[in-house]
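Since the structure comes first, as structure tokens, the remarks are kept for the end.
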Amino acid sequence: MTFLVATLITEGKAKQLYTTENEEVVRVHYLNQATALNGKRKESVAEKGLVNNEIDSLIFNYLNESGIKTHFIEKISASDQLVYKMQMVPLEVVIRNFASGSFQKKFQVAYLKPFDRPVHEYYLKSDALDDPFINESQIQALALATPADLAVISRLAEQVNMALRQLFAKIDIDLVDFKLEFGKTPDGEIRVADEISPDSCRLVDQETHQSLDKDVFRHRSGDVMSGYRTVLDRLLAVLN
Ligand code: C5P
């Protein structure tokens, strides 16, 4: 497959999407870019695109092999991968296993307080509105997803959480929380889409509680890439 005629479809905070010769397939190009505060703070970070492409590809491959439906096809170069073109559901689904981030701040609970059952939250994907929290009845009112779609999304999110908690436990990492996005194939099947990487997950070392994710960039607390490389090295030791 050649990409000479590729057209840029859209550019997000850390990725670009290009057309391919197959209209059902798009190419994702990972950028060396880190953002915080919903894109208001943006910095270039060397090698981030390569590392995130590799981590995301390992994770999505693992989910595909675990029988969970995703958009992912294959990694085709250091910074690029092919995925199925999806009609995206305009929601961000956050799953939490331990208290951190906005939950910890909102409810003033202890950092990393474990939850008996994972917390599911929905946010409307809207830069203009700063991705506001949205509940299921508001999702119905705005016709963003049907109750049947939401049931599938919620079940898929649970399956991803179980699969990833097990995977990360093998490499001594707790999956604190993460964000998923979903899309629909042309025949209406809902699949896990977008990205799963230390940009979209909170990952802490089980022993030291050291953050190995974007919190290091958000809080300017050290070298963000050192945590991302630790995650990649540990994943490579158990996958492939
Ligand atoms: O900030 P908050 O605690 O709500 O984030 C929960 C999880 O969702 C974190 O892992 C964060 O990285 C992820 N997230 C994301 N993109 C957003 C908002 C949150 O990847 N726009």
Side-chain angles (χ1 to χ4, degrees), residues 10-15 28 30-31 33-43 45 48-49 51-53 55-56 59-60 63 70-71 88-115 117-135 139 144 153-154 156-158 160-165 167-168 173-183 192-205 209-222 224-225 227-228 230-231:
T10 180
E11 176 159 348
K13 297 185 185 86
K15 297 189 294 284
V28 184
Y30 279 74
L31 302 167
Q33 214 154 266
T35 64
L37 307 170
N38 215 6
K40 289 174 202 87
R41 187 176 139 226
K42 195 188 257 190
E43 283 171 30
V45 178
K48 178 168 166 288
V51 173
N52 266 3
N53 182 38
I55 293 174
D56 178 273
I59 288 177
F60 269 92
L63 294 178
T70 83
H71 72 155
M88 296 301 290
V89 178
L91 294 173
E92 297 193 341
V93 181
V94 168
I95 305 294
R96 303 179 191 273
N97 297 307
F98 301 87
S100 185
S102 66
F103 185 102
Q104 190 203 349
K105 192 170 167 204
K106 189 170 180 178
F107 299 110
Q108 294 289 305
V109 289
Y111 177 54
L112 299 186
K113 169 192 158 57
F115 299 127
R117 297 179 56 194
V119 175
H120 287 216
E121 296 169 3
Y122 298 102
Y123 294 84
L124 172 66
K125 239 184 115 60
S126 165
D127 284 340
L129 300 177
D130 249 344
D131 297 344
F133 179 89
I134 188 167
N135 71 22
I139 291 171
L144 301 173
I153 286 171
S154 177
L156 279 170
E158 260 165 45
V160 171
N161 188 36
M162 280 193 291
L164 293 189
R165 282 188 85 166
L167 173 64
F168 283 117
I173 289 174
D174 275 330
L175 176 60
V176 174
D177 57 29
F178 61 104
K179 182 266 300 176
L180 293 176
E181 294 185 31
F182 294 84
V192 184
D194 198 56
E195 175 176 352
I196 304 177
S197 75
D199 271 13
S200 63
C201 303
R202 285 198 176 90
L203 301 166
V204 298
D205 183 275
H209 287 178
Q210 187 194 348
S211 284
L212 306 169
D213 57 65
K214 203 163 93 170
D215 269 357
V216 175
F217 176 79
R218 290 187 187 101
H219 304 142
R220 302 182 202 265
S221 55
V224 64
M225 286 316 295
Y228 282 43
T230 300
V231 172

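For ligands, and for the atoms within them, numbers begin at 1 and follow the listed sequence. Position 1 is the first residue of the sequence, and the numbers go up from there.
Protein heavy atom nearest atom 9 (C) of ligand 1, with residue, atom name and distance: Asp177 OD1, 3.2 Å. Among protein heavy atoms, the minimum distance from atom 1 (O) of ligand 1 is reached at Arg202 NH2, 3.7 Å. The protein atom (non-hydrogen) at minimum distance from atom 4 (O) of ligand 1 is Ser102 OG, 2.5 Å.
Residues forming a side-chain contact (heavy atoms from CB on, under 4.5 Å) with Ser211 (at least two apart in sequence, or on another chain): Tyr111, Val204, Asp213, Asp215, Val216.
Using modelled atom types, one finds no donor on one side chain facing an acceptor on the other under 3.5 Å when comparing Asn97 with Asp174.
Contact between Lys214 and ligand 1 is absent, with no heavy atom of the residue lying under 4.0 Å from the ligand. Taking 4.0 Å as the cut-off, Asp199 counts as a neighbour of ligand 1 on heavy-atom distance. A heavy-atom separation below 4.0 Å is found between Arg96 and ligand 1. Arg218 counts as a contact of ligand 1, since one of its heavy atoms falls under 4.0 Å from the ligand.
With Asp131 contributing its side chain and Ser126 its backbone, the two residues share a donor-acceptor pair below 3.5 Å. At distances below 3.5 Å, at least one donor-acceptor pair connects side-chain atoms of Lys214 with backbone N or O atoms of Thr35.
Tyr123 places a side-chain heavy atom less than 4.5 Å from the side chain of Glu121.
If you number the atoms of ligand 1 from 1 as listed, the ones under 4.0 Å from a heavy atom of Gly101 come out as 3 (O). Residue Asp131 has at least one heavy-atom neighbour below 4.0 Å for each of these atoms of ligand 1: 21 (N). Which parts of ligand 1 touch Val94 is read off a 4.0 Å heavy-atom cut-off, strictly below it: atoms 6 (C), 8 (O).
Taking the charged nitrogens against the carboxylate oxygens, Lys179 and Asp194 do have a contact shorter than 4.0 Å, which makes a salt bridge. At a threshold of 4.0 Å, the pair Asp56-Lys15 does not count as salt-bridged, since none of the basic side-chain nitrogens sits closer than that to a carboxylate oxygen.
At most 12 heavy atoms of other shown residues, nucleotides or ligands fall within 6.0 angstrom of atom NZ in Lys105.
Of the candidates Glu92, Lys179, Glu181, Lys13, Glu92 brings a heavy atom nearest to atom 21 (N) of ligand 1.
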